[in-house]
Protein chains: 2
Amino acid sequence: MIIILAQCHVEYEGRARSRLDKGDRLILIKKDGTFTIHQELNLDPVNWQAPGCKNKVSLKENQIILQSIKTKPDEEITVYLDTVYCATYYNCVDTKNLEIRGYEKHMVDLAWEKPELIEKGFRPTRREYQTENGFIDLMGTDKDEKLMILEFKSRKAGTNAVKQLKGYVECFMDNKEFVRGIIVAPDITDNALELLKSLQMEFIPLNPPKDLLTKKASTLDSFF
Amino acid sequence: MIIILAQCHVEYEGRARSRLDKGDRLILIKKDGTFTIHQELNLDPVNWQAPGCKNKVSLKENQIILQSIKTKPDEEITVYLDTVYCATYYNCVDTKNLEIRGYEKHMVDLAWEKPELIEKGFRPTRREYQTENGFIDLMGTDKDEKLMILEFKSRKAGTNAVKQLKGYVECFMDNKEFVRGIIVAPDITDNALELLKSLQMEFIPLNPPKDLLTKKASTLDSFF
DNA sequence: CCATTAATGTCGATG
DNA sequence: CATCGACGTTAATGG
């Protein structure tokens, strides 16, 4: 992990092209080639290069130049260092991966394990069922054996989710019985709900589960 | 700009919940409240907090704890610092903004200015035309006065782009004449092209313009 | 403040 | 390798 704080100007050329005039920025270069340039504001880097790029340093007319080059697609960043305030590096030891919960996938897992959370009598039958309009998150039957098609969203569902669901239901148009199309999400926009109802489809509120599978920090781990 | 390199473990709770066990990471805190935690791999931070969050430090049982709290939506990161290798800060001076070209918007600008790049006889008439299925990037007529609806993409167009265009064209179904639906992009996926042709729509290849409007670095600027 | 959509989106899974 | 879709997407824009 290389950390450089410097006054610099930056040029980028690739899928787009950009130019950033002289100012103070933080430059971060990671072990996998990742190259990022941060200004003092905003979450995202102002310029960056994805993992796998090749980084090199050169000197031209008394100015240090950093270059970061990538292929597929061809992209290049050039940083002209005017004043370097700080340049250092660390060999990081980090073997852990992020464990995260609260994704759409976890909602489907939950509905599969506890179908009563969807509704009484719901019996899930298939996950990731492939249609010509894409994969259906979850299929099943209700207490009256009617076919149910469920589309999950981990956050507020919009009209796109409804259109997606519509496409799935249309794949069963030749079904002799009515097929229930259902959006399962923590919330839904007004527009989406209106569209949903006009299509005789349903919304079932459900929050994504966030229970981490691993032990909490309050174990022996704290001592190592 | 506060820069901390430390062995730490991290907990996050908000829209999702996550946990990252002990390891070496870079923690970056910006003037606007932005809080990011970087592992030694990958472009994106493993945990982060957007601008506007409130960050504070506390000490509990001989351990330094960083907390970053945000509302709307409620989100919180807690970093438990086990060993701090480096902690420093800089007052950055940076008045410049990024100038960037190569966006979809620039393609529409270009087609508006130089309609012959789309095709001979093309006459653009409206930009951002609102329909019930969204805004049409650009409308116009061809040499035979046929209506043309253009959807621009700054990178390879996929099936989503075609479906979007389809939605726009359907808003003109009651038109007495055939309406031409056209994807304008540097490239298109096989699936998208197949779908496009089945809908009797067209693809016109065009790269987004990347000419920067400002002067190049080879000016007096280099001396300041 | 809510809804929509582009993005050098990134990233992971899949064929 | 290309495609497809989720994401704590982020960020900007318009109502």
Side-chain angles (χ1 to χ4, degrees), chain A residues 12-18 34-37 41-53 68 70-77 97-98 100-108 128 130 133-135 137 151-161 164 186-192 208 210, chain B residues 12-18 34 36 41-51 53 68 70 72-77 98 100-108 128 130 133-135 137 151-161 164 185-194 208 210:
Chain A
Y12 155 73
E13 162 130 29
R15 285 166 288 183
R17 179 182 293 165
S18 76
T34 303
F35 189 105
T36 52
I37 301 165
L41 301 177
N42 296 328
L43 179 59
D44 288 337
V46 64
N47 283 114
W48 69 91
Q49 209 52 302
C53 65
S68 177
K70 204 171 73 67
T71 55
K72 280 177 205 165
D74 288 333
E75 308 217 73
E76 180 170 350
I77 289 178
N97 292 315
L98 185 73
I100 188 165
R101 295 274 292 169
Y103 284 2
E104 178 182 305
K105 180 184 178 306
H106 304 139
M107 295 179 75
V108 183
E128 292 297 308
Q130 187 170 13
N133 287 330
F135 286 86
D137 287 333
E151 171 62 27
F152 289 77
K153 292 293 166 194
S154 66
R155 44 201 161 124
K156 189 181 270 206
T159 52
N160 277 352
Q164 203 178 336
D187 200 357
I188 188 168
T189 67
D190 292 341
N191 284 350
K210 294 179 187 170
Chain B
Y12 155 74
E13 163 128 32
R15 285 167 288 183
R17 178 182 294 165
S18 76
T34 304
T36 52
L41 301 177
N42 294 331
L43 180 59
D44 288 338
V46 64
N47 282 115
W48 69 93
Q49 210 56 298
C53 65
S68 178
K70 203 171 72 66
K72 281 175 203 166
D74 287 333
E75 308 218 72
E76 180 170 351
I77 289 178
L98 185 74
I100 187 163
R101 296 273 294 169
Y103 284 4
E104 178 183 303
K105 180 182 178 308
H106 305 139
M107 295 179 75
V108 183
E128 293 295 309
Q130 186 171 13
N133 286 329
F135 286 84
D137 287 333
E151 170 60 27
F152 290 77
K153 292 291 165 195
S154 65
R155 47 197 163 133
K156 188 181 270 206
T159 51
N160 279 350
Q164 204 177 339
D187 200 358
I188 188 167
T189 67
D190 292 343
N191 283 350
L193 187 60
E194 186 185 2
K210 295 178 188 170

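Residue numbering restarts at 1 for every chain, and letters A, B, ... go by the order of the sequence lines.
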Query raised in the report: Side chain of B:R155, base of C:dA7: donor and acceptor closer than 3.5 Å?
Result: yes

With the side chain of [X] defined as its heavy atoms from C-beta on, choose the nearest nucleotide among [options].
{"X": "B:N191", "options": "C:dG9, D:dC4, D:dC7", "result": "D:dC4"}
{"X": "B:K72", "options": "C:dC1, D:dC4, D:dA6", "result": "C:dC1"}
{"X": "A:E104", "options": "D:dA6, D:dT3, C:dT4", "result": "D:dA6"}
{"X": "A:Q164", "options": "D:dA6, D:dC4, D:dT10", "result": "D:dA6"}

Contacts under 3.5 Å, N or O only, protein and nucleotides 11-14 of chain C:
residue	atom	partner	partner atom	Å
C:dC11	OP1	B:L43	N	2.8
C:dC11	OP1	B:D44	N	3.3

Query raised in the report: What is the distance from CG of A:L98 to C1' of D:dT9, rounded to the nearest Å?
Result: 14 Å

Query - Whole-Å distance separating the CG atom of B:N160 from the P atom of C:dG9 - result: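 Atom-to-atom, B:N160 to C:dG9, this comes out as 15 Å.
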
Would you say [X] places a side-chain N or O within less than 4.0 Å of OP1 or OP2 belonging to [N]?
{"X": "A:K105", "N": "D:dA6", "result": "no"}
{"X": "A:Q130", "N": "C:dG15", "result": "no"}
{"X": "B:T189", "N": "D:dC4", "result": "yes"}
{"X": "B:W48", "N": "D:dT10", "result": "yes"}

Query - Toward the 5' end of DNA chain D, by each residue's nearest nucleotide, A:G134 or B:I77 - result: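 Per heavy-atom nearest nucleotide, the more 5' residue is A:G134.
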
Report task. Nearest-nucleotide wise, let me know which of B:G14 and A:N133 is further upstream toward the 5' end of DNA chain D. Result -> A:N133

Sugar-phosphate, base or nothing in reach of [X], heavy atoms under 4.0 Å:
{"X": "B:S154", "result": "sugar-phosphate"}
{"X": "B:N47", "result": "base"}
{"X": "A:K210", "result": "nothing"}
{"X": "B:K70", "result": "nothing"}

Requested in this report: Please answer whether the main-chain N or O of A:R15 pairs with a side-chain N or O of A:E75 as donor and acceptor at a distance below 3.5 Å.
Outcome: yes

Query raised in the report: Do side-chain atoms of A:K70 reach the backbone of A:I77 as a donor and acceptor pair under 3.5 angstrom?
Result: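 Side chain of A:K70 to backbone of A:I77, a donor-acceptor pair under 3.5 Å: no, none is there.
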
Query raised in the report: How is the base pairing of DNA chain C summarised as a dot-bracket string, given the Watson-Crick and G-U wobble criteria with both distances under 3.5 Å, [ ] for crossing and | for another strand?
Result: |||||||.|||||||

**Report entry** Given DNA chain C, 5'-ward residue of the pair A:F135 and B:F135, judged by closest heavy atom
**Finding:**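 With A:F135 and B:F135 compared, the 5'-side residue is B:F135.
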
Query raised in the report: Starting at the 5' end of DNA chain C and moving along, which residue's nearest nucleotide shows up first, A:A192 or A:Q49?
Result: A:A192

Query raised in the report: Taking atom P in both D:dC7 and C:dA7, what distance in whole Å separates the two?
Result: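 Rounded to whole Å, the distance is 22 Å.
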
Query raised in the report: Is the closest side-chain heavy-atom distance between A:I37 and A:P45 below 4.5 Å?
Result: no

